[in-house]
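In what follows, a single structure is set out as structure tokens and then discussed.
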Amino acid sequence: MNVLINDNPRTLPDRATLADAIALIEAVPPFAAAVNRQFVPRSSYASHLLQPDDRIEVIRPVTGG
């Protein structure tokens, strides 16, 4: 299936989860994730099934002053 991860087109197998998408981009913690602009708790990454054309955002926190 085709999805967007951080605005980049990617292909994942059918029944892929958010955890699969995060592994595909090799995200290194800390980060937060959202699917279609809805925050997904880390405890749900492995069970959150993706759908074709989902928009996934993996966001790193910004610190500083």
Side-chain angles (χ1 to χ4, degrees):
M1 88 178 97
N2 294 318
V3 297
L4 286 177
I5 304 176
N6 293 345
D7 292 323
N8 295 308
R10 300 291 186 127
T11 301
L12 290 167
D14 290 342
R15 302 206 35 89
T17 65
L18 180 54
D20 297 324
I22 290 169
L24 180 67
I25 63 167
E26 299 177 349
V28 177
F31 59 82
V35 177
N36 301 322
R37 297 189 173 221
Q38 295 293 315
F39 170 75
V40 178
R42 186 175 310 271
S43 61
S44 298
Y45 290 177
S47 62
H48 187 99
L49 289 175
L50 298 174
Q51 302 299 317
D53 301 318
D54 273 350
R55 296 181 63 94
I56 300 147
E57 298 293 332
V58 179
I59 307 156
R60 295 188 54 87
V62 176
T63 59

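- The side-chain hydrogen bond (donor to acceptor under 3.5 Å, both in side chains) contacts involving residues 26-38 comprise N36-D54, where partners must be two or more places apart or lie in separate chains.
- Residues F31 and R42 have side chains in contact (heavy-atom distance under 4.5 Å, counting atoms from C-beta outward).
- Nearest heavy atoms, L50 versus L18: CG-N, 3.9 Å.
- Between the side chain of R60 and the backbone N or O of A27 there is no donor-acceptor pair closer than 3.5 Å.
- Scanning for salt bridge (charged side-chain N to carboxylate O under 4.0 Å, His left out) contacts around R55 gives D7, with sequence neighbours left out.
- Rounding to the nearest 0.5 Å places CD1 of I25 at 8.5 Å from CD1 of I56.
- A side-chain hydrogen bond (donor to acceptor under 3.5 Å, both in side chains) check over residues 10-22, counting only residues at least two apart or in different chains, returns the pairs N2-T11, T17-D20.
- Here the shortest heavy-atom pairing between N6 and V58 reads OD1-N, 2.8 Å.
- Of all heavy-atom pairs spanning P61 and P30, the tightest one is CD-O, 3.4 Å.
- In the hydrophobic cluster analysis, where Ile, Leu, Val, Met, Phe, Trp and Tyr join through side-chain heavy atoms closer than 4.5 angstrom, I5 is grouped together with M1.
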